[in-house]
Amino acid sequence: MLLNVFERLLIRNIVPQIQGWNYAHMKEARELIEGLFSEQEESDLQFEQEGTQVKWKVKREDGSDIPQERDITVSDGLKAKIGKFLKQLDKEERLEFQHMSLYTKFVDV
């Protein structure tokens, strides 16, 4: 699944909030979270926390673009769990604009 930096940061925050895991899904979730960013990406992007905002670089010092999207493998089980979580936010009217692209990818497929 093609996810941009912002979507991967959201996934990193959403997955730990999901309730009702079995061990196999927990293991997959841990692997997903750990694989969202490579060490090289984290070094290139140089994440900075400013209050509640996270900022990152889009260009390297030489002016070349830092890729913002990456194909992330998400199992069908995790897709269903994340989709269910997003649907619950929607049902409770707690879905935010930041969730829109993830909702499209995990629910409106």
Side-chain angles (χ1 to χ4, degrees):
M1 175 177 287
L2 201 57
L3 298 171
N4 65 37
V5 172
F6 185 69
E7 292 166 335
R8 290 185 276 158
L9 287 171
L10 281 176
I11 293 284
R12 188 184 264 180
N13 289 327
I14 286 173
V15 169
Q17 295 179 54
I18 297 173
Q19 303 289 315
W21 294 99
N22 64 31
Y23 181 75
H25 282 139
M26 275 179 120
K27 190 175 175 185
E28 287 178 12
R30 164 76 88 204
E31 290 170 2
L32 172 65
I33 290 170
E34 290 173 354
L36 289 172
F37 296 96
S38 68
E39 286 182 32
Q40 184 61 52
E41 277 182 304
E42 290 204 24
S43 174
D44 287 346
L45 293 166
Q46 297 179 19
F47 292 111
E48 290 181 30
Q49 180 89 31
E50 290 184 11
T52 59
Q53 290 187 330
V54 176
K55 296 183 178 187
W56 59 89
K57 300 213 181 267
V58 294
K59 295 209 179 269
R60 293 182 182 89
E61 288 191 23
D62 66 5
S64 63
D65 291 335
I66 299 170
Q68 300 293 300
E69 291 186 321
R70 200 173 90 188
D71 195 18
I72 303 292
T73 302
V74 183
S75 72
D76 290 340
L78 284 179
K79 284 179 190 174
K81 284 271 194 199
I82 294 167
K84 183 178 176 183
F85 180 81
L86 292 168
K87 283 188 227 177
Q88 186 63 36
L89 288 180
D90 184 38
K91 182 179 176 183
E92 296 170 2
E93 295 184 354
R94 295 188 310 129
L95 202 62
E96 299 177 14
F97 281 102
Q98 66 187 4
H99 298 117
M100 286 182 70
S101 65
L102 285 180
Y103 193 93
T104 301
K105 291 179 180 184
F106 285 90
V107 178
D108 291 344
V109 288

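- In terms of the side-chain hydrogen bond (donor to acceptor under 3.5 Å, both in side chains) criterion, residue partners of Q40 (sequence neighbours excluded) are, by chain and number, D44.
- With sequence neighbours excluded, the residues that form a side-chain contact (heavy atoms from CB on, under 4.5 Å) with N22 are A24, H25.
- Annotation: salt bridge (charged side-chain N to carboxylate O under 4.0 Å, His left out) contacts of D62 (sequence neighbours excluded): none.
- Applying the side-chain contact (heavy atoms from CB on, under 4.5 Å) test to D76 and every residue at least two apart in sequence or in another chain returns K79.
- When the side-chain contact (heavy atoms from CB on, under 4.5 Å) test is applied to Q19, no partner is found at least two apart in sequence or on another chain.
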If you look only at distance, which donor and acceptor atoms sit under 3.5 Å apart when one is on a side chain in residues 80-90 and the other is two or more places apart or in another chain?
{"from": "K81", "atom 1": "NZ", "to": "G20", "atom 2": "O", "distance (Å)": "2.5"}
{"from": "Q88", "atom 1": "NE2", "to": "E92", "atom 2": "OE2", "distance (Å)": "2.7"}
{"from": "D90", "atom 1": "OD2", "to": "Y103", "atom 2": "OH", "distance (Å)": "3.4"}

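- Evaluation of the salt bridge (charged side-chain N to carboxylate O under 4.0 Å, His left out) rule for K59 yields D65 as partners, not counting sequence neighbours.
- Checked by atom type and distance alone, the side chain of E7 pairs as donor or acceptor with a backbone atom of N4 at under 3.5 Å.
- Under the rule for a salt bridge (charged side-chain N to carboxylate O under 4.0 Å, His left out), the partners of E34 that lie at least two apart in sequence or sit in another chain are R30.
- Taking the side-chain hydrogen bond (donor to acceptor under 3.5 Å, both in side chains) definition, one finds that Q68 meets it with W56, sequence neighbours left out.
- Contacts of I33 classified as side-chain contact (heavy atoms from CB on, under 4.5 Å), with partners at least two apart in sequence or in another chain: R12, V15, P16.
- Between E28 atom CD and W21 atom CH2 the span is 8.5 Å, to the nearest 0.5 Å.
- The backbone N or O of M100 lies less than 3.5 Å from a partner atom in the side chain of T104, making a donor-acceptor pair.
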Please assess L102 against L3 for the test side-chain contact (heavy atoms from CB on, under 4.5 Å), listing each intermediate value before the final yes or no. CA-CA 9 Å; L102 285 180; L3 298 171; 4.2 Å; yes

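- By the salt bridge (charged side-chain N to carboxylate O under 4.0 Å, His left out) test, E41 pairs with R8, R70, sequence neighbours left out.
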For residues 46-54, tabulate all N or O donor-acceptor pairs below 3.5 Å that involve a side-chain atom, not counting sequence neighbours.
{"from": "Q49", "atom 1": "NE2", "to": "G51", "atom 2": "O", "distance (Å)": "2.8"}
{"from": "E50", "atom 1": "OE1", "to": "K55", "atom 2": "NZ", "distance (Å)": "3.1"}

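- Put simply, the residue from I14, I11, L78 that forms a side-chain contact (heavy atoms from CB on, under 4.5 Å) with F106 is I11.
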